[in-house]
Protein chains: 2
Amino acid sequence: MPQKTILIVDDETPIRDMLRVALEMADYHCLEAADAQSAHSLIVDRKPDLILLDWMLPGTSGIELARRLKREEVTSQIPVIMLTAKGEEDNKVQGLEVGADDYITKPFSPRELVARLKAVLRRTDNFSDNGPITVEGLTLDPASHRITINDQPVQMGPTEYRLLEFFLTHQERVYTRSQLLDHVWGGNVYVEERTVDVHIRRLRKALQLDGHDRFVQTVRGAGYRFSLKIAASEA
Amino acid sequence: MPQKTILIVDDETPIRDMLRVALEMADYHCLEAADAQSAHSLIVDRKPDLILLDWMLPGTSGIELARRLKREEVTSQIPVIMLTAKGEEDNKVQGLEVGADDYITKPFSPRELVARLKAVLRRTDNFSDNGPITVEGLTLDPASHRITINDQPVQMGPTEYRLLEFFLTHQERVYTRSQLLDHVWGGNVYVEERTVDVHIRRLRKALQLDGHDRFVQTVRGAGYRFSLKIAASEA
DNA sequence: CTGGCTTGTAACAAAATTGTAACCTGAAGG
DNA sequence: CCTTCAGGTTACAATTTTGTTACAAGCCAG
């Protein structure tokens with residue numbers, strides 16, 4: 001699962017810091033903005049998965065920003081969690097009406113923050129629900145997370161699964177090890193490129209069942225490719 | 001698909017208004033009632049597809065009404081979503097036990113409301129008349145809340161029951177711990193994800209009787225799945 | 001109020017996965 | 001024929017993930 005990006009919008013630095021710490025601990029990637037202006041450009045630019053928006057902002061208020069976001073096509077799908085101070089409770093209803101997905105009252109525990117955030121993400125998340133992919137008797141079904149070769153179940157690790165999923169959705173094209181690390185492992189990890197070789201090997205082993213491992217092809221000096229056509233080397 | 005009819009039961013007019021606006025926007029037809037009395041006659045009379053029921057009502061409380069509905073033959077099949085104010089969270093379990101299908105804490109976002117409502121409708125639609133579900137000798141009877149394996153009664157806690165019910169109505173699909181918390185525990189709870197593991201374990205233990213625990217399968221790195229087919233790992 | 005049952009968590013055990021290094025193989029190019 | 005080097009294989013320890021057990025707190029019937 002690729003890492004989620006959260007945008008923190010708050011004008012108080014210590015609060016931002018606290019939020020960032022809590023979020024990074026829970027393995028989220030953070031962006032920060034101190035005002036509505038820069039927040040907006042960050043949103044358009046980086047497309048965060050969720051926005052943590054303080055109610056009080058200098059200049060344009062948080063609620064104003066929220067309203068604006070919900071009006072724009074590109075940004076209206078991004079869930080928003082409002083931060084409000086104690087005593088501003090009336091604003092909650094207003095905030096939610098504007099389209100915020102949840103709200104949190106300061107002060108709050110990091111745990112609560114992360115819990116709510118997860119709840120919102122899991123609700124708005126998913127629905128990239130593609131149907132099963134089948135090629136030459138090899139089937140990958142994202143819904144059940146199952147691989148079969150001619151209806152025989154195939155067992156492999158999570159990384160191999162993601163690798164195969166990527167290959168199946170990007171056939172007939174060569175990817176360098178570096179690109180594979182980006183797409184399958186997720187951008188900001190540091191692992192040796194040769195690690196890819198090992199997982200390619202593991203994937204091939206898993207697909208051996210009916211010779212289906214021949215689809216995972218090596219392109220010397222370039223990288224790997226998933227292709228139904230036979231490789232030049234065995235022609 | 002014919003338009004669904006939702007009955008809103010709440011004594012506060014502004015809340016009813018807000019709900020109606022949200023629901024009509026999502027293309028539902030609305031009925032309204034301010035007290036349990038008129039709610040009940042509307043239900044019998046108009047047969048709504050779903051009831052949004054406020055916890056707090058003058059006279060008969062919401063929960064009382066819910067209990068009453070679930071006892072009566074005609075009305076027991078209609079799904080109920082409970083509305084509770086923040087802080088009344090403890091009541092949630094009670095609400096679910098009475099037979100509510102979900103519950104939402106005020107204040108909530110219109111989007112959340114509609115999302116949950118859709119989820120509940122979808123759930124009760126597909127597996128229509130709450131008849132007993134049987135697979136491979138394993139039977140779950142919603143009416144009597146009983147589980148049997150080859151006619152042998154099986155004992156488990158309420159959470160395990162709901163978990164199994166969810167699995168039986170959503171076979172062949174992986175659910176993350178997070179999603180299970182959402183669907184089985186109800187969205188707004190905040191419990192550790194590992195808690196799911198423990199309940200999975202309890203469910204498996206209960207189903208051991210005739211090896212039926214093998215249907216509850218672990219999908220490493222993803223979550224759990226209920227499937228009659230064997231898992232790849234034991235092939 | 002008591003005793004039994006359920007529930008969420010923590011803690012520990014077991015198992016599977018992951019990244020690396022080391023070594024092996026075969027092809028390309030001289 | 002030899003060298004070089006990209007890629008193939010294997011082994012393994014660290015890390016992650018899941019299984020299992022124990023336990024304190026909450027709830028409810030009696």
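Convention: sequence-line order gives letters A, B, ...; per-chain numbering from 1.
A:E192 and A:Y190 get closest at one heavy-atom pair: OE2-OH, 3.4 Å.
For D:dG7, its base never sits under 3.5 Å from the side chain of A:R177 at any donor and acceptor pair. Residue side chain B:R220 reaches the base of D:dT17 through a donor-acceptor N/O pair under 3.5 Å, judged by distance alone. In terms of polar N and O atoms assigned as donor or acceptor, the side chain of A:R194 comes within less than 3.5 Å of the base of D:dG8 in a complementary pairing.
Looking only at atom types and distance, the side chain of B:D151 has no donor-acceptor partner in the side chain of B:T148 under 3.5 Å away.
Between A:I200 atom CD1 and C:dT18 atom P there is a gap of 14 Å when expressed in whole angstrom units. Between B:E160 atom CD and C:dC5 atom C1' there is a gap of 11 Å when expressed in whole angstrom units. Rounding to whole angstrom units, OH of residue A:Y190 and C1' of C:dT18 are separated by 16 Å. For the pair A:R201 CZ and C:dT20 C1', the interatomic distance rounds to 16 Å; values are reported in whole Å. In this entry the distance linking CG of B:L203 with C1' of D:dT20 reads 15 Å, nearest Å. Straight-line distance from the CG atom of A:L181 to the C1' atom of C:dT18: 13 Å, rounded to whole Å. One can place NZ of A:K205 at 9 Å from C1' of D:dT9, the figure rounded to the nearest angstrom. Between the CD atom of A:Q155 and the C1' atom of C:dT17 there is a distance of 11 Å, given to the nearest Å.
Nucleic acid contact class of A:V189 (heavy atoms, under 4.0 Å, all strands): none. Across all strands shown, A:E193 has no heavy atoms under 4.0 Å from either base or sugar-phosphate atoms. At the heavy-atom level, A:T195 lies under 4.0 Å from base atoms of the strands shown. Among the atoms of the strands shown, none is found under 4.0 Å from any heavy atom of B:Y161. B:T159 comes within 4.0 angstrom of the backbone, heavy atoms only, and of no base.
Under the 4.0 Å criterion applied to side-chain N and carboxylate O atoms, A:E172 and A:K229 are assigned as salt-bridge partners.
Of the side-chain N and O atoms in A:W185, one or more sit less than 4.0 angstrom from OP1 or OP2 of C:dG19. Using a 4.0 Å cut-off, no side-chain N or O of A:T218 falls inside it from OP1 or OP2 of D:dA6.
The side chain of B:V191 lies closest to C:dG8, out of D:dG19, D:dG8, C:dG8. Minimum atom distance to the side chain of B:D197 is reached by D:dT18, of the listed D:dT18, D:dG7, C:dT18. Here the side chain of A:V198 is nearest to one of C:dA10, D:dA22, C:dA21, namely C:dA21. The side chain of A:R204 sits closest to D:dG8 out of C:dT7, D:dG8, C:dA21.
Here the straight-line distance linking atom CG of B:D213 with atom CG of B:L138 works out to 11.0 Å at 0.5 Å rounding.
When atom types are taken as modelled, the side chain of B:T195 and the backbone of B:V191 share no donor-acceptor pair closer than 3.5 angstrom. Side-chain N or O atoms of B:H212 include none that pairs as donor or acceptor with a backbone N or O of B:Q208 at under 3.5 Å.
Both B:G157 and A:V196 sit near DNA chain C, but only B:G157 has its closest nucleotide nearer the 5' end. Along DNA chain D, the nucleotide nearest A:A222 and the nucleotide nearest B:Y224 are compared for position; the residue whose nucleotide lies closer to the 5' end is A:A222.
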